[in-house]
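Below is one structure; the comments refer to it alone.
From a predicted model like this one, the values you see are computed outputs, not experimental measurements. Heads up: numbering here begins at 1 and tracks the sequence.
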Amino acid sequence: MSQSNNRINSKREGFSSSFGVLAATLGSAVGLGNIWKFPSLTGANGGASFLLIYLLSTLMIGLPVMIAEITLGRKAKANPITALRTLAPGRLPWWLIGVSGMAAAFLILSFYSEVVAWVFAYVLKAVNGSILSSDPAVTLAAFDTLSRDPVQSLLWQWVVLVFIGGILLCGVTKGIEAITKKLMPLLFLLLLLLGGASLTLDGAAQGLGFLFNPEWSKLSASVVLTAMGLAFFKLSIGMGTMMTYGSYFRDDQNIPVTAFRVMCADLCVSLLAGIAIFPAVFTFGFEPSSGPSLVFITIPAVFAQMPMGHVLMVMFFVLTAVAATGAMLSLMEVPVVILHERLGISRSKAIMATLVLLMVAGSGAALSHSTLSEFKVAGLTMFDLADYLSSNILLPTGGIFIALFVGWFWGVDRFIQALSNQGQLSNATVARAIFFLLRYVSPALILLVMLQGLDLI
Ligand code: PFF
(Lines give C-alpha, C1' and ligand atoms only; values in the text may rest on other atoms or scores of the structure.)
Protein backbone atom coordinates (compact mmCIF):
# COMPACT_ATOMS: atom_id res chain seq x y z
CA MET A 1 0.00 0.00 0.00
CA SER A 2 1.33 3.46 -0.87
CA GLN A 3 2.37 5.98 1.73
CA SER A 4 -0.56 8.26 1.04
CA ASN A 5 -2.94 5.33 1.51
CA ASN A 6 -1.31 4.55 4.82
CA ARG A 7 -1.71 8.13 5.93
CA ILE A 8 -5.38 8.10 4.99
CA ASN A 9 -5.92 4.74 6.71
CA SER A 10 -4.34 5.74 10.00
CA LYS A 11 -6.77 8.67 10.28
CA ARG A 12 -9.73 6.65 9.08
CA GLU A 13 -12.96 7.34 10.91
CA GLY A 14 -15.51 4.69 11.84
CA PHE A 15 -18.81 4.14 13.61
CA SER A 16 -18.27 4.53 17.32
CA SER A 17 -20.99 2.41 18.93
CA SER A 18 -22.99 -0.69 18.24
CA PHE A 19 -26.19 1.32 18.00
CA GLY A 20 -24.43 3.73 15.66
CA VAL A 21 -23.52 0.84 13.34
CA LEU A 22 -27.11 -0.36 13.32
CA ALA A 23 -28.60 3.12 12.82
CA ALA A 24 -26.28 4.00 9.96
CA THR A 25 -26.70 0.65 8.19
CA LEU A 26 -30.46 0.70 8.65
CA GLY A 27 -30.41 4.33 7.58
CA SER A 28 -28.91 3.21 4.28
CA ALA A 29 -31.40 0.39 3.75
CA VAL A 30 -34.45 2.38 4.74
CA GLY A 31 -35.22 5.06 2.21
CA LEU A 32 -37.58 6.11 -0.50
CA GLY A 33 -37.59 2.48 -1.58
CA ASN A 34 -39.76 1.59 1.41
CA ILE A 35 -42.28 4.32 0.79
CA TRP A 36 -42.25 4.96 -2.91
CA LYS A 37 -41.22 1.58 -4.41
CA PHE A 38 -42.12 -1.28 -2.10
CA PRO A 39 -45.85 -0.62 -1.52
CA SER A 40 -46.73 0.14 -5.13
CA LEU A 41 -44.61 -2.70 -6.55
CA THR A 42 -46.11 -5.18 -4.08
CA GLY A 43 -49.65 -4.04 -4.76
CA ALA A 44 -49.23 -4.01 -8.53
CA ASN A 45 -47.45 -7.37 -8.80
CA GLY A 46 -49.73 -9.64 -6.85
CA GLY A 47 -49.59 -8.72 -3.15
CA ALA A 48 -48.60 -11.63 -0.93
CA SER A 49 -47.25 -13.75 -3.80
CA PHE A 50 -44.84 -10.93 -4.67
CA LEU A 51 -44.01 -10.51 -1.00
CA LEU A 52 -43.07 -14.17 -0.78
CA ILE A 53 -40.69 -13.96 -3.74
CA TYR A 54 -39.25 -10.76 -2.28
CA LEU A 55 -38.68 -12.49 1.06
CA LEU A 56 -37.02 -15.48 -0.59
CA SER A 57 -34.76 -13.18 -2.61
CA THR A 58 -33.84 -11.32 0.55
CA LEU A 59 -33.00 -14.44 2.51
CA MET A 60 -31.25 -16.51 -0.17
CA ILE A 61 -29.51 -13.69 -2.00
CA GLY A 62 -29.80 -10.32 -0.27
CA LEU A 63 -28.68 -11.27 3.20
CA PRO A 64 -25.63 -13.36 2.16
CA VAL A 65 -24.45 -10.67 -0.27
CA MET A 66 -24.94 -7.98 2.36
CA ILE A 67 -22.93 -9.98 4.90
CA ALA A 68 -20.21 -10.62 2.31
CA GLU A 69 -19.94 -6.94 1.42
CA ILE A 70 -19.76 -5.77 5.03
CA THR A 71 -17.19 -8.44 5.86
CA LEU A 72 -14.93 -7.49 2.94
CA GLY A 73 -15.19 -3.81 3.84
CA ARG A 74 -14.39 -4.39 7.50
CA LYS A 75 -11.48 -6.65 6.69
CA ALA A 76 -9.84 -4.20 4.30
CA LYS A 77 -10.89 -0.96 6.06
CA ALA A 78 -10.88 0.86 2.77
CA ASN A 79 -13.12 2.06 -0.06
CA PRO A 80 -14.47 -0.70 -2.39
CA ILE A 81 -11.78 -0.31 -5.07
CA THR A 82 -8.84 -0.30 -2.63
CA ALA A 83 -10.51 -3.03 -0.57
CA LEU A 84 -10.70 -5.43 -3.50
CA ARG A 85 -7.21 -4.50 -4.70
CA THR A 86 -5.87 -5.27 -1.22
CA LEU A 87 -7.82 -8.49 -0.73
CA ALA A 88 -7.13 -9.74 -4.28
CA PRO A 89 -3.72 -8.43 -5.34
CA GLY A 90 -3.41 -11.01 -8.15
CA ARG A 91 -4.10 -10.71 -11.86
CA LEU A 92 -7.89 -10.82 -11.89
CA PRO A 93 -9.37 -7.30 -11.82
CA TRP A 94 -11.86 -7.84 -8.96
CA TRP A 95 -11.52 -4.15 -8.14
CA LEU A 96 -13.74 -3.47 -11.17
CA ILE A 97 -16.64 -4.35 -8.83
CA GLY A 98 -15.77 -1.13 -7.02
CA VAL A 99 -15.69 0.82 -10.28
CA SER A 100 -19.08 -0.50 -11.33
CA GLY A 101 -20.33 0.34 -7.82
CA MET A 102 -19.29 3.93 -8.30
CA ALA A 103 -21.13 4.02 -11.64
CA ALA A 104 -24.22 2.52 -9.98
CA ALA A 105 -24.04 5.14 -7.23
CA PHE A 106 -24.15 7.93 -9.80
CA LEU A 107 -26.95 6.26 -11.74
CA ILE A 108 -29.10 5.75 -8.65
CA LEU A 109 -28.34 9.18 -7.27
CA SER A 110 -29.35 10.80 -10.55
CA PHE A 111 -33.03 9.80 -10.20
CA TYR A 112 -33.15 9.19 -6.45
CA SER A 113 -32.07 12.75 -5.67
CA GLU A 114 -34.91 14.03 -7.85
CA VAL A 115 -37.53 12.10 -5.86
CA VAL A 116 -35.90 13.39 -2.67
CA ALA A 117 -36.10 16.84 -4.25
CA TRP A 118 -39.88 16.49 -4.57
CA VAL A 119 -40.05 15.29 -0.96
CA PHE A 120 -38.11 18.32 0.30
CA ALA A 121 -40.30 20.65 -1.75
CA TYR A 122 -43.37 18.90 -0.31
CA VAL A 123 -42.17 19.51 3.24
CA LEU A 124 -42.50 23.25 2.55
CA LYS A 125 -45.78 22.83 0.70
CA ALA A 126 -47.11 20.78 3.60
CA VAL A 127 -46.10 23.45 6.09
CA ASN A 128 -47.76 26.28 4.19
CA GLY A 129 -50.81 24.11 3.52
CA SER A 130 -50.82 24.64 -0.24
CA ILE A 131 -51.24 20.93 -0.98
CA LEU A 132 -53.86 20.27 1.65
CA SER A 133 -56.87 19.52 -0.52
CA SER A 134 -59.22 16.57 -0.51
CA ASP A 135 -59.71 16.99 -4.25
CA PRO A 136 -57.34 14.64 -6.11
CA ALA A 137 -57.41 16.94 -9.12
CA VAL A 138 -55.90 19.70 -7.00
CA THR A 139 -53.15 17.53 -5.50
CA LEU A 140 -52.39 16.11 -8.95
CA ALA A 141 -52.09 19.62 -10.36
CA ALA A 142 -49.76 20.61 -7.50
CA PHE A 143 -47.46 17.67 -8.25
CA ASP A 144 -47.50 18.37 -11.99
CA THR A 145 -46.65 22.02 -11.40
CA LEU A 146 -43.57 21.00 -9.44
CA SER A 147 -42.34 18.03 -11.46
CA ARG A 148 -42.93 19.67 -14.86
CA ASP A 149 -41.04 22.85 -14.00
CA PRO A 150 -37.40 22.42 -15.12
CA VAL A 151 -36.04 25.24 -12.96
CA GLN A 152 -37.70 24.02 -9.77
CA SER A 153 -36.70 20.42 -10.54
CA LEU A 154 -33.05 21.33 -10.89
CA LEU A 155 -32.93 23.77 -7.99
CA TRP A 156 -34.56 21.37 -5.54
CA GLN A 157 -32.21 18.61 -6.64
CA TRP A 158 -29.24 20.87 -5.92
CA VAL A 159 -30.66 21.83 -2.53
CA VAL A 160 -30.85 18.14 -1.64
CA LEU A 161 -27.34 17.39 -2.88
CA VAL A 162 -25.82 20.33 -1.00
CA PHE A 163 -27.71 19.38 2.18
CA ILE A 164 -26.40 15.80 2.06
CA GLY A 165 -22.91 17.06 1.16
CA GLY A 166 -23.06 19.28 4.26
CA ILE A 167 -23.74 16.34 6.55
CA LEU A 168 -20.97 14.31 4.91
CA LEU A 169 -18.59 17.21 5.56
CA CYS A 170 -19.11 16.64 9.31
CA GLY A 171 -17.55 13.21 8.84
CA VAL A 172 -18.50 9.57 9.38
CA THR A 173 -18.94 9.67 13.16
CA LYS A 174 -20.20 13.21 13.68
CA GLY A 175 -22.11 13.34 10.40
CA ILE A 176 -23.53 10.02 9.19
CA GLU A 177 -23.63 8.20 12.53
CA ALA A 178 -24.84 11.10 14.67
CA ILE A 179 -27.65 12.02 12.29
CA THR A 180 -28.94 8.49 11.64
CA LYS A 181 -28.95 7.71 15.37
CA LYS A 182 -31.45 10.50 15.86
CA LEU A 183 -33.49 9.95 12.75
CA MET A 184 -34.16 6.21 12.81
CA PRO A 185 -36.16 6.04 16.08
CA LEU A 186 -38.20 9.04 14.95
CA LEU A 187 -39.00 7.34 11.68
CA PHE A 188 -40.44 4.27 13.40
CA LEU A 189 -42.52 6.35 15.75
CA LEU A 190 -44.11 8.31 12.97
CA LEU A 191 -44.78 5.31 10.78
CA LEU A 192 -46.57 3.60 13.65
CA LEU A 193 -48.75 6.66 14.17
CA LEU A 194 -49.55 6.98 10.50
CA GLY A 195 -50.22 3.26 10.04
CA GLY A 196 -52.57 3.37 13.04
CA ALA A 197 -54.41 6.39 11.66
CA SER A 198 -54.79 4.82 8.23
CA LEU A 199 -56.18 1.59 9.68
CA THR A 200 -59.13 3.48 11.17
CA LEU A 201 -60.33 4.44 7.67
CA ASP A 202 -63.26 2.71 5.91
CA GLY A 203 -61.11 1.21 3.17
CA ALA A 204 -58.69 -0.47 5.60
CA ALA A 205 -59.77 -4.07 4.82
CA GLN A 206 -59.69 -3.48 1.08
CA GLY A 207 -56.28 -1.82 1.33
CA LEU A 208 -54.79 -4.63 3.38
CA GLY A 209 -56.32 -7.17 1.01
CA PHE A 210 -54.63 -5.46 -1.92
CA LEU A 211 -51.31 -5.59 -0.11
CA PHE A 212 -51.53 -9.09 1.32
CA ASN A 213 -53.91 -11.27 -0.77
CA PRO A 214 -51.83 -13.49 -3.05
CA GLU A 215 -52.47 -13.31 -6.79
CA TRP A 216 -50.36 -16.14 -8.15
CA SER A 217 -51.51 -15.50 -11.72
CA LYS A 218 -49.52 -12.26 -11.71
CA LEU A 219 -46.21 -14.06 -11.14
CA SER A 220 -43.93 -14.09 -14.16
CA ALA A 221 -40.19 -14.12 -14.83
CA SER A 222 -40.09 -10.35 -15.04
CA VAL A 223 -42.04 -10.02 -11.78
CA VAL A 224 -39.48 -12.29 -10.08
CA LEU A 225 -36.70 -10.09 -11.48
CA THR A 226 -38.51 -7.03 -10.13
CA ALA A 227 -38.74 -8.62 -6.67
CA MET A 228 -35.06 -9.52 -6.70
CA GLY A 229 -34.06 -6.08 -7.99
CA LEU A 230 -36.12 -4.55 -5.20
CA ALA A 231 -34.32 -6.72 -2.64
CA PHE A 232 -30.96 -5.42 -3.91
CA PHE A 233 -32.15 -1.83 -3.97
CA LYS A 234 -33.75 -2.09 -0.55
CA LEU A 235 -30.70 -3.56 1.17
CA SER A 236 -28.35 -1.18 -0.67
CA ILE A 237 -26.24 -4.05 -1.97
CA GLY A 238 -24.39 -4.95 -5.15
CA MET A 239 -22.59 -1.63 -5.51
CA GLY A 240 -20.14 -1.30 -2.64
CA THR A 241 -22.31 0.77 -0.31
CA MET A 242 -22.34 -1.93 2.33
CA MET A 243 -18.65 -2.55 1.69
CA THR A 244 -18.01 1.13 2.39
CA TYR A 245 -20.11 1.07 5.56
CA GLY A 246 -18.49 -2.25 6.52
CA SER A 247 -15.15 -0.46 6.48
CA TYR A 248 -16.50 1.73 9.31
CA PHE A 249 -17.76 -1.25 11.37
CA ARG A 250 -16.13 -2.03 14.69
CA ASP A 251 -14.18 -5.29 14.80
CA ASP A 252 -16.31 -6.70 17.61
CA GLN A 253 -19.57 -6.14 15.72
CA ASN A 254 -21.35 -9.39 14.91
CA ILE A 255 -22.00 -8.88 11.20
CA PRO A 256 -24.63 -11.60 10.53
CA VAL A 257 -26.67 -10.45 13.54
CA THR A 258 -26.49 -6.80 12.46
CA ALA A 259 -27.38 -7.64 8.87
CA PHE A 260 -30.34 -9.77 9.98
CA ARG A 261 -31.62 -6.99 12.23
CA VAL A 262 -31.30 -4.47 9.44
CA MET A 263 -33.17 -6.76 7.07
CA CYS A 264 -36.04 -7.31 9.54
CA ALA A 265 -36.31 -3.64 10.53
CA ASP A 266 -36.25 -2.59 6.90
CA LEU A 267 -39.04 -5.04 6.11
CA CYS A 268 -41.10 -3.66 9.01
CA VAL A 269 -40.71 -0.14 7.67
CA SER A 270 -41.81 -1.27 4.20
CA LEU A 271 -44.85 -3.09 5.56
CA LEU A 272 -45.81 -0.19 7.80
CA ALA A 273 -45.53 2.17 4.85
CA GLY A 274 -47.83 -0.12 2.84
CA ILE A 275 -50.27 -0.23 5.75
CA ALA A 276 -50.18 3.56 5.99
CA ILE A 277 -50.75 4.05 2.27
CA PHE A 278 -53.15 1.42 0.90
CA PRO A 279 -56.14 1.71 3.25
CA ALA A 280 -56.06 5.41 2.45
CA VAL A 281 -55.78 4.77 -1.28
CA PHE A 282 -58.94 2.68 -1.28
CA THR A 283 -60.87 4.88 1.12
CA PHE A 284 -60.46 7.87 -1.14
CA GLY A 285 -60.92 6.04 -4.42
CA PHE A 286 -57.45 6.39 -5.91
CA GLU A 287 -55.85 4.09 -8.46
CA PRO A 288 -53.67 1.81 -6.29
CA SER A 289 -50.84 1.08 -8.72
CA SER A 290 -50.09 4.53 -10.01
CA GLY A 291 -46.40 4.41 -9.10
CA PRO A 292 -44.18 7.11 -7.53
CA SER A 293 -46.77 9.87 -7.76
CA LEU A 294 -48.96 7.86 -5.38
CA VAL A 295 -47.02 9.36 -2.49
CA PHE A 296 -47.25 12.89 -3.79
CA ILE A 297 -50.89 12.82 -4.87
CA THR A 298 -52.63 10.37 -2.58
CA ILE A 299 -51.07 11.27 0.75
CA PRO A 300 -51.96 14.99 0.66
CA ALA A 301 -55.56 14.18 -0.31
CA VAL A 302 -55.76 11.60 2.46
CA PHE A 303 -54.44 13.92 5.15
CA ALA A 304 -56.80 16.66 4.07
CA GLN A 305 -59.66 14.43 5.22
CA MET A 306 -58.20 13.28 8.52
CA PRO A 307 -58.38 14.96 11.91
CA MET A 308 -55.13 16.88 12.56
CA GLY A 309 -54.40 16.25 8.89
CA HIS A 310 -52.18 19.27 8.45
CA VAL A 311 -49.82 18.28 11.26
CA LEU A 312 -49.79 14.64 10.17
CA MET A 313 -48.97 15.61 6.63
CA VAL A 314 -46.05 17.78 7.69
CA MET A 315 -44.79 14.90 9.81
CA PHE A 316 -45.18 12.42 6.94
CA PHE A 317 -43.12 14.44 4.51
CA VAL A 318 -40.52 15.33 7.12
CA LEU A 319 -40.17 11.65 7.86
CA THR A 320 -39.99 10.65 4.22
CA ALA A 321 -37.20 13.21 3.97
CA VAL A 322 -35.61 11.59 7.03
CA ALA A 323 -35.73 8.13 5.46
CA ALA A 324 -34.30 9.50 2.23
CA THR A 325 -31.51 11.31 4.04
CA GLY A 326 -29.97 8.15 5.52
CA ALA A 327 -30.04 6.44 2.11
CA MET A 328 -28.64 9.47 0.29
CA LEU A 329 -25.78 9.72 2.78
CA SER A 330 -24.73 6.15 2.06
CA LEU A 331 -25.11 6.54 -1.69
CA MET A 332 -22.96 9.66 -1.80
CA GLU A 333 -20.41 8.27 0.63
CA VAL A 334 -19.36 5.67 -2.00
CA PRO A 335 -17.95 8.12 -4.60
CA VAL A 336 -16.75 10.47 -1.86
CA VAL A 337 -14.58 7.89 -0.11
CA ILE A 338 -13.36 6.46 -3.42
CA LEU A 339 -12.26 9.89 -4.68
CA HIS A 340 -10.80 10.79 -1.28
CA GLU A 341 -8.75 7.64 -0.86
CA ARG A 342 -7.89 6.79 -4.45
CA LEU A 343 -6.92 10.30 -5.55
CA GLY A 344 -5.43 11.24 -2.18
CA ILE A 345 -7.48 14.47 -2.06
CA SER A 346 -9.07 15.80 1.13
CA ARG A 347 -12.53 14.61 2.13
CA SER A 348 -14.00 18.07 1.59
CA LYS A 349 -12.56 18.28 -1.93
CA ALA A 350 -13.91 14.82 -2.68
CA ILE A 351 -17.36 15.96 -1.51
CA MET A 352 -17.22 19.07 -3.71
CA ALA A 353 -16.15 17.02 -6.73
CA THR A 354 -18.96 14.51 -6.12
CA LEU A 355 -21.51 17.33 -5.84
CA VAL A 356 -20.46 18.91 -9.11
CA LEU A 357 -20.44 15.57 -10.92
CA LEU A 358 -23.88 14.77 -9.55
CA MET A 359 -25.36 18.09 -10.55
CA VAL A 360 -24.36 17.29 -14.12
CA ALA A 361 -25.19 13.58 -14.06
CA GLY A 362 -28.51 14.12 -12.30
CA SER A 363 -29.84 16.77 -14.66
CA GLY A 364 -31.05 14.20 -17.23
CA ALA A 365 -33.29 12.50 -14.67
CA ALA A 366 -34.29 15.81 -13.09
CA LEU A 367 -35.50 17.18 -16.42
CA SER A 368 -37.14 13.99 -17.64
CA HIS A 369 -40.56 15.12 -16.45
CA SER A 370 -40.22 18.46 -18.23
CA THR A 371 -37.72 19.55 -20.90
CA LEU A 372 -36.55 16.00 -21.67
CA SER A 373 -39.89 14.22 -21.31
CA GLU A 374 -39.88 13.22 -24.98
CA PHE A 375 -36.31 11.93 -24.89
CA LYS A 376 -36.57 8.18 -24.48
CA VAL A 377 -34.25 5.20 -24.77
CA ALA A 378 -35.99 1.84 -25.26
CA GLY A 379 -39.25 3.61 -24.45
CA LEU A 380 -37.97 4.85 -21.07
CA THR A 381 -37.24 8.40 -19.93
CA MET A 382 -33.79 9.08 -18.44
CA PHE A 383 -35.37 8.88 -15.01
CA ASP A 384 -36.98 5.47 -15.62
CA LEU A 385 -33.93 4.17 -17.48
CA ALA A 386 -31.59 4.99 -14.58
CA ASP A 387 -34.04 3.33 -12.19
CA TYR A 388 -34.43 0.20 -14.34
CA LEU A 389 -30.75 -0.23 -15.21
CA SER A 390 -29.53 0.17 -11.65
CA SER A 391 -32.01 -2.13 -9.89
CA ASN A 392 -32.39 -4.80 -12.53
CA ILE A 393 -28.94 -4.94 -14.12
CA LEU A 394 -26.10 -3.22 -12.25
CA LEU A 395 -26.92 -4.18 -8.66
CA PRO A 396 -27.66 -7.87 -9.40
CA THR A 397 -24.52 -8.11 -11.57
CA GLY A 398 -22.48 -6.57 -8.75
CA GLY A 399 -24.10 -9.10 -6.42
CA ILE A 400 -23.02 -12.03 -8.62
CA PHE A 401 -19.40 -10.89 -8.61
CA ILE A 402 -19.30 -10.20 -4.88
CA ALA A 403 -20.70 -13.68 -4.21
CA LEU A 404 -18.24 -15.25 -6.67
CA PHE A 405 -15.35 -13.35 -5.14
CA VAL A 406 -16.04 -14.60 -1.63
CA GLY A 407 -17.28 -18.07 -2.63
CA TRP A 408 -14.59 -19.01 -5.14
CA PHE A 409 -11.66 -16.69 -4.67
CA TRP A 410 -11.41 -15.56 -1.06
CA GLY A 411 -12.38 -18.95 0.34
CA VAL A 412 -14.11 -20.31 3.40
CA ASP A 413 -11.22 -19.99 5.88
CA ARG A 414 -10.58 -16.30 5.32
CA PHE A 415 -14.31 -15.64 5.32
CA ILE A 416 -14.84 -17.39 8.66
CA GLN A 417 -11.79 -15.69 10.18
CA ALA A 418 -13.00 -12.27 9.10
CA LEU A 419 -16.61 -12.88 10.11
CA SER A 420 -15.71 -14.21 13.54
CA ASN A 421 -13.18 -11.43 14.21
CA GLN A 422 -10.28 -13.95 14.27
CA GLY A 423 -12.26 -16.46 16.32
CA GLN A 424 -13.47 -13.98 18.95
CA LEU A 425 -17.12 -14.39 17.98
CA SER A 426 -18.65 -17.85 17.89
CA ASN A 427 -20.49 -17.65 14.58
CA ALA A 428 -18.62 -20.26 12.55
CA THR A 429 -21.72 -22.37 11.79
CA VAL A 430 -23.64 -19.36 10.52
CA ALA A 431 -20.55 -18.34 8.55
CA ARG A 432 -20.39 -21.76 6.86
CA ALA A 433 -24.07 -21.62 5.90
CA ILE A 434 -23.64 -18.13 4.45
CA PHE A 435 -20.54 -19.23 2.61
CA PHE A 436 -22.44 -22.14 1.06
CA LEU A 437 -25.14 -19.76 -0.18
CA LEU A 438 -22.52 -17.38 -1.56
CA ARG A 439 -20.62 -20.13 -3.33
CA TYR A 440 -23.42 -22.15 -4.87
CA VAL A 441 -26.86 -20.63 -4.46
CA SER A 442 -26.81 -16.81 -4.70
CA PRO A 443 -24.79 -16.32 -7.93
CA ALA A 444 -26.66 -19.06 -9.81
CA LEU A 445 -30.04 -17.78 -8.68
CA ILE A 446 -29.23 -14.17 -9.54
CA LEU A 447 -28.03 -15.18 -12.99
CA LEU A 448 -31.06 -17.36 -13.66
CA VAL A 449 -33.52 -14.70 -12.56
CA MET A 450 -31.73 -12.05 -14.61
CA LEU A 451 -31.59 -14.14 -17.77
CA GLN A 452 -35.23 -15.16 -17.50
CA GLY A 453 -36.46 -11.74 -16.43
CA LEU A 454 -34.67 -10.11 -19.36
CA ASP A 455 -36.09 -12.75 -21.71
CA LEU A 456 -32.64 -14.05 -22.62
CA ILE A 457 -33.41 -17.73 -22.02
N1 PFF B 1 -31.95 1.29 0.13
C2 PFF B 1 -32.39 2.59 -0.32
C3 PFF B 1 -33.89 2.63 -0.39
O4 PFF B 1 -34.55 1.60 -0.28
O5 PFF B 1 -34.44 3.70 -0.62
C6 PFF B 1 -31.80 2.96 -1.66
C7 PFF B 1 -30.34 2.70 -1.81
C8 PFF B 1 -29.44 3.28 -0.93
C9 PFF B 1 -29.90 1.87 -2.82
C10 PFF B 1 -28.06 3.00 -1.05
C11 PFF B 1 -28.56 1.59 -2.97
C12 PFF B 1 -27.68 2.16 -2.08
F13 PFF B 1 -26.41 1.90 -2.21
Side-chain angles (χ1 to χ4, degrees), residues 26 29-59 62 134 136 139-140 186-220 223-224 226-231 233-235 263-309 311-313 315-317 319-320 322-323:
L26 183 62
V30 166
L32 292 177
N34 303 65
I35 297 161
W36 147 75
K37 267 185 177 236
F38 181 94
S40 37
L41 283 179
T42 305
N45 290 308
S49 39
F50 181 84
L51 208 59
L52 186 74
I53 304 295
Y54 172 77
L55 271 178
L56 281 178
S57 309
T58 311
L59 283 171
S134 55
T139 55
L140 175 72
L186 205 63
L187 180 96
F188 271 95
L189 185 72
L190 199 93
L191 267 173
L192 282 174
L193 286 176
L194 287 172
S198 191
L199 283 178
T200 62
L201 297 170
D202 293 344
Q206 212 186 343
L208 293 183
F210 179 68
L211 195 58
F212 293 117
N213 282 347
E215 272 186 90
W216 297 103
S217 60
K218 285 205 173 160
L219 275 192
S220 65
V223 165
V224 175
T226 306
M228 188 182 76
L230 182 64
F233 187 83
K234 280 301 323 107
L235 295 178
M263 185 210 107
C264 293
D266 178 63
L267 187 66
C268 285
V269 174
S270 294
L271 293 175
L272 276 172
I275 290 171
I277 292 175
F278 284 115
V281 170
F282 282 95
T283 305
F284 301 107
F286 283 86
E287 177 54 42
S289 54
S290 60
S293 50
L294 197 66
V295 170
F296 300 99
I297 298 159
T298 311
I299 296 291
V302 169
F303 285 127
Q305 311 187 35
M306 284 162 75
M308 306 236 315
V311 178
L312 283 176
M313 182 163 68
M315 286 162 83
F316 176 83
F317 282 107
L319 271 123
T320 309
V322 162

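Contact record, Phe317 with Val295: CZ-O, 3.8 Å, taken as the closest heavy-atom pair. Nearest heavy atom pair, residue Asp266 against residue Leu26, reads N-CD1, 3.8 Å. Here the closest non-hydrogen pair linking Leu319 and Leu187 is CD2-CA, 3.1 Å. Heavy-atom minimum distance, Leu199 versus Ala204: O-CB, 3.4 Å. Residue Gly33 comes nearest to Phe233 through the heavy atom pair CA-CE2, 4.0 Å, listed as atom of the first residue, atom of the second, then distance. Considering all non-hydrogen atoms of both residues, Pro300 and Thr139 come closest at CB-CG2, 3.7 Å.
Ile275 CD1 to Leu192 CG: the interatomic distance, rounded to the nearest 0.5 Å, is 9.5 Å. Interatomic distance, CG of Leu52 versus OG of Ser57, reported as 9.5 Å (0.5 Å rounding). Atoms CG and OG1, on Leu201 and Thr283 in that order, are 4.5 Å from each other to the nearest 0.5 Å. Taking CG from Leu193 and CZ from Phe188, the interatomic distance works out to 13.5 Å, rounded to the nearest 0.5 Å. Rounded to the nearest 0.5 angstrom, Ile277 CD1 and Phe38 CZ are separated by 11.0 Å.
Contact annotation: the side chain of Phe282 never approaches that of Leu208 to less than 4.5 Å [non-hydrogen atoms, C-beta and beyond]. In this structure, Leu194 and Met315 have side chains that are not in contact, with every pair of non-hydrogen atoms separated by 4.5 Å or more. Side-chain contact between Leu230 and Lys37 is present, with at least one heavy-atom pair separated by less than 4.5 Å. Taking the side chain as every heavy atom from C-beta outward, Trp36 and Thr320 never approach each other to under 4.5 Å. By the 4.5 Å heavy-atom criterion applied to side chains, Thr226 and Ile53 are not counted as neighbours.
Side-chain N or O atoms of Ser270 include none that pairs as donor or acceptor with a backbone N or O of Asn34 at under 3.5 Å. In this structure, the side chain of Thr200 engages the main chain of Ala197 through a donor-acceptor pair within 3.5 Å. Lys234 places a side-chain N or O within donor-acceptor distance of the main-chain N or O of Ala29, the cut-off being under 3.5 Å. In terms of modelled atom types and a separation under 3.5 Å, the side chain of Asn45 and the main chain of Thr42 share no donor-acceptor contact.
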Could you walk me through whether Phe212 and Leu271 pass side chain to side chain contact (heavy atoms under 4.5 Å, CB included), step by step?
CA-CA 10 Å; Phe212 293 117; Leu271 293 175; 3.9 Å; yes
